[in-house]
Amino acid sequence: QVQLVESGGELVQPGGSLRLSCTASDFTLDDHAIAWFRQAPGKEREGVSCISARDDTTYFPEFVSGRFAISRDNAKNTVYLYMIGLRPEDTAMYYCAVDGAVGGPRCSKHHGSSRFDYWGQGTQVTVSS
């Protein structure tokens with residue numbers, strides 16, 4: 001049973017920064033594409049970052065580009081989402097998700113949540129003064 005555990009979400013002031021972590025159990029994240037999604041109350045889930053499997057190329061939608069970064073630490077079996085310049089509209093539950101296929105295509109805007117097979121329970125990010 002693949003388990004993904006997110007952590008690092010908290011209340012932060014506008015302009016602040018956070019690092020979210022996603023750690024896997026009973027599953028090696030190396031060679032798999034990993035994405036972060038978020039969902040705010042009353043809104044649809046949206047992707048905010050993705051790191052590809054083989055070459056670690058990344059994708060970010062325009063609304064977070066320049067503010068978010070993603071990286072993986074294979075030794076810790078963990079993927080990180082770095083967020084700076086946080087805004088109230090970034091408030092949401094953040095989820096990491098794993099593509100169960102080994103390798104797979106590079107991340108792009110064409111890959112939605114249906115690509116990803118395993119999901120964590122989420123970590124809450126609240127941006128407020």
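Residues satisfying the side chain to side chain donor-acceptor pair (under 3.5 Å) criterion with R38, sequence neighbours excluded, are E46, D90, Y94. Residues passing the side chain to side chain donor-acceptor pair (under 3.5 Å) test with D73, sequence neighbours excluded: none. In this structure R54 satisfies the salt bridge (Lys or Arg N to Asp or Glu O under 4.0 Å) test together with D31, sequence neighbours excluded.
Counting heavy atoms from C-beta outward, E6 and W36 have side chains that approach closer than 4.5 Å. No side-chain heavy atom of C50 sits less than 4.5 Å from a side-chain heavy atom of H111. In this structure, T78 and L29 have side chains that are not in contact, with every pair of non-hydrogen atoms separated by 4.5 Å or more. Residues T23 and K76 have side chains not in contact (no heavy-atom distance under 4.5 Å, counting atoms from C-beta outward).
Between H32 and F27, the ring centre distance stays below 6.0 Å.
Neither Y95 nor L20 shares a network with the other; the hydrophobic side chains, linked directly or stepwise wherever heavy atoms of I, L, V, M, F, W or Y lie under 4.5 Å apart, form separate groups for each. Both I70 and L18 belong to a common hydrophobic cluster when Ile, Leu, Val, Met, Phe, Trp and Tyr are linked at side-chain heavy-atom distances under 4.5 angstrom. A single hydrophobic cluster is seen to contain both Y118 and I34, as judged by linkage of ILVMFWY side chains at heavy-atom distances under 4.5 Å, directly or through other members. Clustering ILVMFWY residues whenever any of their side-chain heavy atoms sit less than 4.5 angstrom apart, transitively, puts F37 in a cluster other than the one holding L4.
Heavy atoms of other residues, nucleotides or ligands lying less than 6.0 angstrom from CZ of R72 number more than 12.
Once rounded to the nearest 0.5 Å, the distance linking CG of D30 with CG of N77 reads 8.5 Å.
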Can you give me every donor-acceptor pair (side chain of residues 79-89, partner residue at least two apart or in another chain, under 3.5 Å) with its distance?
none

Which side-chain N or O atoms in residues 119-129 pair as donor and acceptor under 3.5 Å with protein atoms at least two apart or in another chain?
unit_1	atom_1	unit_2	atom_2	d
W119	NE1	F116	O	3.2
T123	OG1	G9	N	3.0
Q124	NE2	A92	O	3.4
Q124	NE2	T126	OG1	3.4

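The salt bridge (Lys or Arg N to Asp or Glu O under 4.0 Å) contacts involving residues 114-129 comprise D99-R115, where partners must be two or more places apart or lie in separate chains.
The two residues A33 and A53 have their closest heavy-atom pair at N-CB, 3.7 Å.
Judged by distance alone, the side chain of D56 and the main-chain N or O of S71 form no donor-acceptor pair under 3.5 Å.
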- request: Tell me, with the steps shown, if F68 and V48 meet side chain to side chain contact (heavy atoms under 4.5 Å, CB included).
  value: CA-CA 8 Å; F68 288 14; V48 297; 4.1 Å; yes

